[in-house]
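Quick notes on the structure that follows.
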Amino acid sequence: MYSELILHFNLKPTPHQSFRMSRSGFKYTPKKILDFKKDVAWELSGQLPEDFEIIRAGTPIIVEYLHYCFQFPKSTALKRRIEGAVKVTKPDLLDNLNKAFIDALEGIVFEQDQNIVEVKDLRKFYGKEDYIEIKLLY
């Protein structure tokens, strides 16, 4: 019925910022965002099945889960580090985190991100290391 794709990225989740303006009025994307997108593409290359074809426009995509794990800050005491503890600080989950990551997948995994019709489990939390994990049904 549905095809399934599970991807794991050992990257720090990076929020997407709006474009920046130079003093002369030139708009540009910050280097941090460009580097993050390159890193996602590089890690993605080894994970896609050999017979994988890009998910075509018009194909509904369901995100079964999308988890952003942030490494505990060094200032957090060891006894207070609880795996899976929710992260209530910036960056915001719905806009900035998803924008950078989903944009990085667009053109490699799927043609258009507008085909994502449902996101069932979307979380940001703390853990031992930074990573992003996603499961797609299409």
Side-chain angles (χ1 to χ4, degrees):
M1 184 164 144
Y2 281 110
S3 295
E4 178 180 290
L5 184 61
I6 299 173
L7 302 168
H8 182 89
F9 301 88
N10 291 317
L11 299 170
K12 181 176 183 174
T14 304
H16 192 287
Q17 302 164 343
S18 302
F19 60 85
R20 299 274 176 119
M21 294 278 281
S22 67
R23 291 181 189 172
S24 62
F26 177 72
K27 295 179 183 178
Y28 68 95
T29 303
K31 183 179 183 327
K32 179 173 133 181
I33 301 304
L34 295 174
D35 290 345
F36 175 72
K37 289 180 179 182
K38 285 180 195 173
D39 292 344
V40 168
W42 186 81
E43 282 210 18
L44 190 58
S45 62
Q47 294 188 58
L48 293 175
E50 288 189 22
D51 60 341
F52 180 79
E53 291 184 22
I54 193 168
I55 302 170
R56 299 280 172 217
T59 305
I61 301 169
I62 298 170
V63 177
E64 194 70 25
Y65 59 82
L66 177 51
H67 295 166
Y68 298 99
C69 183
F70 291 83
Q71 187 173 13
F72 287 103
K74 290 185 178 18
S75 61
T76 305
L78 290 175
K79 64 182 179 184
R80 295 191 185 266
R81 294 183 183 196
I82 301 168
E83 259 325 284
V86 295
K87 179 175 175 21
V88 294
T89 58
K90 288 184 178 185
D92 67 293
L93 182 62
L94 294 178
D95 297 329
N96 296 343
L97 276 177
N98 287 337
K99 177 112 177 87
F101 182 64
I102 297 298
D103 282 355
L105 296 179
E106 190 171 15
I108 302 171
V109 175
F110 41 78
E111 286 183 351
Q112 296 177 333
D113 60 2
Q114 68 194 27
N115 292 330
I116 296 174
V117 296
E118 184 178 1
V119 179
K120 293 185 177 180
D121 182 11
L122 180 62
R123 297 181 197 188
K124 66 177 180 175
F125 52 90
Y126 287 110
K128 291 181 182 173
E129 58 187 32
D130 294 320
Y131 69 84
I132 304 169
E133 202 165 58
I134 187 169
K135 178 179 179 182
L136 302 171
L137 301 176
Y138 57 97

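This one's a predicted model, so the numbers in the text were calculated from it and none came from an experiment. This chain uses plain numbering: 1 for the first residue, then up along the sequence. What you see below is based on every heavy atom in this structure, not just the backbone, and it leaves out hydrogens, waters and symmetry mates.
Surrounding CD of E83 are more than 12 heavy atoms belonging to other residues, nucleotides or ligands, all under 6.0 Å away. In this structure, F26 places its CZ atom where only 12 or fewer heavy-atom neighbours from other residues, nucleotides or ligands lie under 6.0 Å away. Counting non-hydrogen atoms of neighbouring residues, nucleotides and ligands closer than 6.0 angstrom, the CZ atom of R81 exceeds 12 such neighbours.
The CD1 atom of I134 sits 7.0 Å away from the OH atom of Y68 when rounded to the nearest 0.5 Å. Going from atom OG1 of T14 over to atom NZ of K99 covers 14.5 Å, rounded to the nearest 0.5 Å. Here CD of E106 is found 8.5 Å from CD1 of I54. Values are rounded to the nearest 0.5 Å. To the nearest 0.5 Å, the span separating CD on E4 from CG on L137 amounts to 6.0 Å. Atoms CZ and OG, on R80 and S75 in that order, are 11.5 Å from each other to the nearest 0.5 Å. If you take CZ on F9 and CH2 on W42, they are separated by 12.0 Å, rounding to the nearest 0.5 Å.
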Could you go step by step and tell me if I6 and Y65 meet the side chain to side chain contact (heavy atoms under 4.5 Å, CB included) rule? CA-CA 9 Å; I6 299 173; Y65 59 82; 3.6 Å; yes

Between Y138 and F110, is a ring-ring contact (aromatic ring centres under 6.0 Å, His included) present by the stated rule, with each step listed? CA-CA 10 Å; Y138 57 97; F110 41 78; 9.7 Å; no

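Taking hydrophobic clusters as Ile, Leu, Val, Met, Phe, Trp and Tyr residues chained together by side-chain heavy-atom distances below 4.5 Å, L48 shares a cluster with I102. Clustering ILVMFWY residues whenever any of their side-chain heavy atoms sit less than 4.5 angstrom apart, transitively, puts L97 in the very cluster that holds F72. F52 and L7 fall within a single hydrophobic cluster, where Ile, Leu, Val, Met, Phe, Trp and Tyr side chains are chained together by heavy-atom contacts under 4.5 Å. No continuous path of ILVMFWY side-chain contacts below 4.5 Å connects V86 to L122, so the two sit in separate hydrophobic clusters. If you chain together hydrophobic residues whose side chains sit under 4.5 Å apart, F101 and I33 never meet in one group.
Of the listed residues (V63, V119, L66), just one forms a side chain to side chain contact (heavy atoms under 4.5 Å, CB included) with N98, and that residue is L66.
Minimum heavy-atom separation, P91 to P15: CB-CB, 3.5 Å. When all heavy atoms of H67 and D121 are compared, the pair lying nearest together is NE2-OD2, 2.9 Å.
The salt bridge (charged side-chain N to carboxylate O under 4.0 Å, His left out) test applied to D92 returns no partner, not counting sequence neighbours.
Of the N and O atoms on the side chains of K87 and T89, at least one donor lies less than 3.5 Å from an acceptor on the other residue.
A 4.5 Å side-chain heavy-atom check between R56 and N115 finds every atom pair outside the cut-off.
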Pair up each side-chain donor or acceptor in residues 125-133 with any protein partner under 3.5 Å, not counting sequence neighbours, and list the distances.
from : atom 1 : to  : atom 2 : distance (Å)
D130 : OD1    : Q71 : N      : 2.6
E133 : OE2    : H8  : ND1    : 3.0

Pairs of donor and acceptor atoms involving the side chains of residues 34-41, under 3.5 Å and at least two apart or interchain, shall be tabulated with distances.
from : atom 1 : to  : atom 2 : distance (Å)
D35  : OD1    : K31 : NZ     : 3.3
D35  : OD2    : K31 : NZ     : 2.7

